[in-house]
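Data first, discussion second: the structure below is written as structure tokens.
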Amino acid sequence: MKLSLQHLQYAIQRKDAQLEEKIKKTTELLITQIDSLSAMAEEFSSFAKMPEPKMEKTDLATVLDSVIHLFDKEQNVTFDYIALPAETYVMADQHQLGRVFTNIIKNAVQAKTEDRKGLIRFRATIEKGSVDESLEDNGSGITEILR
């Protein structure tokens, strides 16, 4: 979220031609993320445990696009992502699903080595009513001792 705001500040400073659209997209994204964090904090304080999933029809394409947009301005990292068709629905807790993808992509960004540009490939395929997702990065990997 901080990175999104920093990029928005930069766009304001250079009087970006698409400033209005960037402000709209960034504020919508931040509101969604804040709502998600607020819900999680509320659940933690109420029950001192992870929130129970609220299974509902969730547009996977929207969740993925939002999470990738959070990281797509990351320094020295390129995303190779083919967007899912709009209205690719799954039964899931939208907030928990977003946190899963956020954590996976954050790990991939953190695995980037200093000596080369990071590359994160994200693929999702739909076959026979199922969605198969895969993420691959060119990071350092997990050391033998941590495995």
Side-chain angles (χ1 to χ4, degrees), residues 1-127 130-142:
M1 289 189 294
K2 180 180 177 181
L3 187 61
S4 294
L5 288 172
Q6 288 171 332
H7 284 285
L8 190 56
Q9 284 177 326
Y10 179 70
I12 291 168
Q13 288 172 354
R14 63 181 178 153
K15 297 180 177 27
D16 191 299
Q18 297 174 337
L19 182 60
E20 190 172 317
E21 179 62 29
K22 287 182 180 184
I23 290 172
K24 182 179 183 244
K25 193 169 189 176
T26 301
T27 55
E28 288 173 355
L29 179 66
L30 291 174
I31 288 169
T32 300
Q33 292 299 311
I34 290 167
D35 286 345
S36 178
L37 290 171
S38 294
M40 185 167 56
E42 188 176 306
E43 289 286 337
F44 271 119
S45 65
S46 297
F47 305 108
K49 64 178 183 175
M50 283 298 291
E52 290 294 320
K54 295 179 183 159
M55 303 302 279
E56 59 190 356
K57 188 176 175 181
T58 301
D59 187 351
L60 183 60
T62 300
V63 173
L64 285 172
D65 289 344
S66 293
V67 172
I68 288 175
H69 183 70
L70 275 175
F71 291 95
D72 69 358
K73 303 285 192 278
E74 191 72 36
Q75 293 289 332
N76 217 17
V77 174
T78 300
F79 279 89
D80 179 9
Y81 167 62
I82 299 171
L84 282 167
E87 300 180 0
T88 301
Y89 293 107
V90 296
M91 288 303 292
D93 182 302
Q94 178 178 345
H95 298 294
Q96 288 185 2
L97 192 59
R99 284 194 294 274
V100 166
F101 289 125
T102 297
N103 289 339
I104 290 170
I105 293 173
K106 185 176 182 180
N107 288 345
V109 168
Q110 291 173 342
K112 178 183 73 63
T113 58
E114 293 296 322
D115 61 333
R116 66 178 168 190
K117 186 170 185 155
L119 175 63
I120 299 172
R121 283 191 183 95
F122 192 93
R123 296 287 184 262
T125 56
I126 304 168
E127 189 173 313
S130 294
V131 180
D132 182 31
E133 300 142 4
S134 66
L135 185 129
E136 176 183 342
D137 64 67
N138 66 345
S140 58
I142 301 172

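This chain uses plain numbering: 1 for the first residue, then up along the sequence.
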Passes side chain to side chain contact (heavy atoms under 4.5 Å, CB included), V131 versus L60? Steps please. CA-CA 9 Å; V131 180; L60 183 60; 3.5 Å; yes
When you look at S66 and T32, which way does the side chain to side chain contact (heavy atoms under 4.5 Å, CB included) test go after all the steps? CA-CA 9 Å; S66 293; T32 300; 5.6 Å; no
Stepwise salt bridge (Lys or Arg N to Asp or Glu O under 4.0 Å) test for E28 and K24: CA-CA 6 Å; E28 288 173 355; K24 182 179 183 244; 3.7 Å; yes
Residue pair D80, R123: steps toward the salt bridge (Lys or Arg N to Asp or Glu O under 4.0 Å) verdict: CA-CA 8 Å; D80 179 9; R123 296 287 184 262; 2.9 Å; yes
Steps toward side chain to side chain contact (heavy atoms under 4.5 Å, CB included) verdict (E127, D132): CA-CA 8 Å; E127 189 173 313; D132 182 31; over 6 Å; no
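One distance of note links CZ of F101 with CG of L70; it measures 13.5 Å at 0.5 Å rounding. Here D59 contributes atom CG and Q94 contributes atom CD; the two are 8.5 Å apart, rounded to the nearest 0.5 Å. To the nearest 0.5 angstrom, T26 atom OG1 is 9.5 Å from L19 atom CG. Summarising the geometry, atom CD belonging to Q33 is positioned 8.5 Å from atom OG belonging to S4; distances are rounded to the nearest 0.5 Å. Once rounded to the nearest 0.5 Å, the distance linking CD1 of I12 with CD of Q9 reads 7.0 Å. Within the model, atoms NE2 of H95 and OG1 of T102 stand 12.0 Å from one another, a figure rounded to the nearest 0.5 Å.
By the 4.5 Å heavy-atom criterion applied to side chains, R121 and L135 are not counted as neighbours. Contact annotation: the side chain of F71 never approaches that of V77 to less than 4.5 Å [non-hydrogen atoms, C-beta and beyond]. Side-chain contact between I120 and V109 is present, with heavy atoms from C-beta onward closer than 4.5 Å. Within the 4.5 Å cutoff, the side chain of N107 has heavy atoms near those of the Q110 side chain. Side chains of P85 and I126 form a contact here, defined as non-hydrogen atoms less than 4.5 Å apart. Residues L97 and D93 have side chains not in contact (no heavy-atom distance under 4.5 Å, counting atoms from C-beta outward).
With L8 as reference, I23 is the one residue of D16, I23, L30 to meet the side chain to side chain contact (heavy atoms under 4.5 Å, CB included) rule.
Atom NZ of K22 has more than 12 neighbouring heavy atoms from other residues, nucleotides or ligands inside a 6.0 Å radius. When the shell of 6.0 Å around OH of Y10 is examined, it contains 12 or fewer heavy atoms from other residues, nucleotides or ligands.
The heavy-atom pair separating M91 from M55 by the smallest distance is O-CE, 3.4 Å. Taking every heavy atom of both residues into account, E133 and A124 meet most closely at CG-CB, 4.0 Å. G118 approaches K112 most closely through the heavy-atom pair N-CD, 3.5 Å. Taking both residues in full, the closest heavy atoms of N138 and K117 are given as ND2-O, 3.1 Å, listed atom of the first, atom of the second, then distance. Considering every non-hydrogen atom in both T113 and D115, the closest pair reads OG1-OD1, 2.7 Å. Across all non-hydrogen atoms, the minimal contact from T58 to A92 is OG1-O, 3.0 Å.
Between the side chains of D65 and Y81, a donor-acceptor pair is found at a separation under 3.5 Å.
Checking side-chain atoms of T88 against main-chain N and O of L84 turns up no donor-acceptor pair under 3.5 Å.
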